[in-house]
Asks: 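Below you'll find the structure I mean.
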There are 2 protein chains.
Amino acid sequence: MEEAYMARPKVPLLSVDRIADAALELVDSGQPFGVNALARRLGVTPSSLYNHVDGRDGIIELMRGRFSREAAGGAQATGGEWHEIVADTMRAQRRMYAAHPNLVPLIVGKTITDPYVIASYDHLATTLVDAGFPEDEVLGVIALLDAFAIGFGLDLASPHDVWQPEGETQTLGRLIADAPHGDERSDRAFDLGLDLLIESLRARLARLSAPPAPVVE
Amino acid sequence: MEEAYMARPKVPLLSVDRIADAALELVDSGQPFGVNALARRLGVTPSSLYNHVDGRDGIIELMRGRFSREAAGGAQATGGEWHEIVADTMRAQRRMYAAHPNLVPLIVGKTITDPYVIASYDHLATTLVDAGFPEDEVLGVIALLDAFAIGFGLDLASPHDVWQPEGETQTLGRLIADAPHGDERSDRAFDLGLDLLIESLRARLARLSAPPAPVVE
DNA sequence: ACCTGAACACCGTTCAAGT
DNA sequence: ACCTGAACACCGTTCAAGT
């Protein structure tokens, strides 16, 4: 016996959690994300979703929060030196993007409101201030780290050929042919970049604290 | 007298160039990009565009090529040390993203085919190889630079509030209140990041060439 | 409170028909 | 060759109607 038409079921078909789960499934499946496709997957009418969430953008922000929590896995609690915390945070973000690459293009450029994600940035900010970075520079450093993480997140989401030379090239074509492709290349580039970043932040901090603040221009 | 209905005008209404120009105008205007909106702006039916370009994606790739050429402004010809070339290239890309921030989310994650853009990456690759970076590392460095540039490009395109804490924060809220907003913050973060990147690449290169390749682990 | 179904104002793309 | 207009299969969102 099928349940026939039912205006309001006794037990709700949907919930915020169920919607978030299905949305992540949909995104991870590689199919284009959309309210209609999501409703289809939930066996429900698109308009039903609007009883629980704030439309398309609301669902996307929901996913950001959801998979941030998932990827962190308690890494938040790490003590240790500031550069270890930064590296851990970056790697956690990397894991999250790697686990759900197709989400990256969706969340890109949207204002972050999820409390958990905010808290994680807040933790980072506190760490950097405590480490001795000047207050008016910390947000810049965070933006830098963010740009770095997002850039590499997109690298993961990209079709495997980032460059597709059609004519002759002097060097690029050869390097592409020789290089490992896809995730491996991206991973190596990420590790390299993270090393460079941390290292240069340490150098900058040392320079800031060692001499008694030379004021040159 | 209006020109009434005309199946095929004597002089074509459209051309690839005219479409590219109008597309950039549309994107820069801040309105959402779309084939229909573009056709409207050109005073033409959406289907007409398909006589000249390869649909939505084709038009986007067209814009990438167009505004890359525009932003370069002959900076390609710069001689000088490799790190100057890298810095110049990055800054040119930065200018391009700054001039057309709304294009960034559109081109993100799409395979690059435009010959001019390919040539510019090729030039960068050749420069790095000539500078002494190991061949199997150059593509990683380029991916790193790219991630960096894209990340900051998106930073420019973002709504001015990247973070919107709703509750109490330990540090982040205060920093956001004190910090310069929008483009200025992004510019300073970019400059900071570029400095760090170049510096650490130089350090890496020095380390690579100075000692006779110590093999650890 | 929570779902459906109809309706609205859109998309991007294809294609026959017109000149 | 190059445009139109109709058609197709979609979007995201709103809202009255049902229980």
Asks: So does His52(A) get a side-chain nitrogen or oxygen closer than 4.0 Å to the phosphate oxygens (OP1/OP2) of dA1(C)?
Replies: no
Asks: Looking only at side-chain N and O atoms, does Ser48(A) come under 4.0 Å of OP1 or OP2 in dC3(C)?
Replies: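 Checking Ser48(A) against dC3(C): no side-chain N or O falls below 4.0 Å of OP1 or OP2.
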Asks: Can you see if the side chain of Asn36(B) gets near the phosphate of dC10(C) - specifically, an N or O under 4.0 Å from OP1 or OP2?
Replies: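 False: Asn36(B) side-chain N/O out of range (4.0 Å or more) of dC10(C) OP1/OP2.
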Asks: Counting Watson-Crick and G-U wobble pairs only, both distances under 3.5 Å, name the nucleotide matched with dC2(D), or none.
Replies: dG18(C)
Asks: Answer yes or no: is there a donor N or O on one side and an acceptor on the other, between the side chain of Asp122(A) and the main chain of Leu172(B), under 3.5 Å?
Replies: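 Confirmed, Asp122(A) side chain pairs with Leu172(B) backbone.
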Asks: What is the distance, to the nearest angstrom, from the OH atom on Tyr50(B) to the P atom on dG12(C)?
Replies: 7 Å
Asks: When you measure from the side chain of Pro9(A), which nucleotide among dG12(C), dC3(D), dC2(C) comes out closest?
Replies: dC2(C)
Asks: Which part of the nucleic acid, if any, lies within reach of Arg40(B) when heavy atoms closer than 4.0 Å are counted: base, sugar-phosphate only, or nothing?
Replies: sugar-phosphate
Asks: Taking the minimum atom-to-atom distance to the side chain of Ser47(B), which one of dG12(C), dC15(C), dT14(D) wins?
Replies: dC15(C)
Asks: Of the nucleotides dT13(C), dC3(D), dC2(C), which one has an atom closest to the side chain of Arg8(A)?
Replies: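 Of all the options, the side chain of Arg8(A) is nearest to dC2(C).
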Asks: To the side chain of Val35(A), which of dC3(D), dG5(D), dT13(D) is closest?
Replies: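 For the Val35(A) side chain, the nearest candidate turns out to be dT13(D).
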Asks: Is the number of heavy atoms from other residues, nucleotides or ligands within 6.0 Å of CG (Asp130(B)) greater than 12?
Replies: yes
Asks: What's the CG-C1' distance between Asn51(B) and dT19(C), to the nearest Å?
Replies: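 Atom-to-atom, Asn51(B) to dT19(C), this comes out as 14 Å.
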Asks: Please verify the inter-ring angle class for Trp82(B) with Phe133(B); under 30° counts as parallel, over 60° as perpendicular, anything in between as tilted.
Replies: perpendicular
Asks: Using atom CD of Gln31(B) as one end and atom P of dC10(C) as the other, report the distance to the nearest whole Å.
Replies: 13 Å
Asks: Can you find a side chain N or O atom of Arg56(B) that sits less than 4.0 Å from OP1 or OP2 on dG12(C)?
Replies: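 For Arg56(B), the contact criterion (side-chain N or O under 4.0 Å from OP1 or OP2 of dG12(C)) is met.
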Asks: More than 12 foreign heavy atoms under 6.0 Å from CG of Asp54(B): is that the case here?
Replies: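 No, CG of Asp54(B) has 12 or fewer neighbouring heavy atoms, counting only those of other groups under 6.0 Å.
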Asks: Give, for atom CG of Asp191(B) and atom CG of Leu144(A), the distance between the pair rounded to the nearest 0.5 Å.
Replies: 11.5 Å
Asks: Please give, in whole Å, the distance from dA1(C) C1' to Leu13(A) CG?
Replies: 12 Å
Asks: Please give, in whole Å, the distance from dC3(D) P to Leu42(B) CG?
Replies: 10 Å
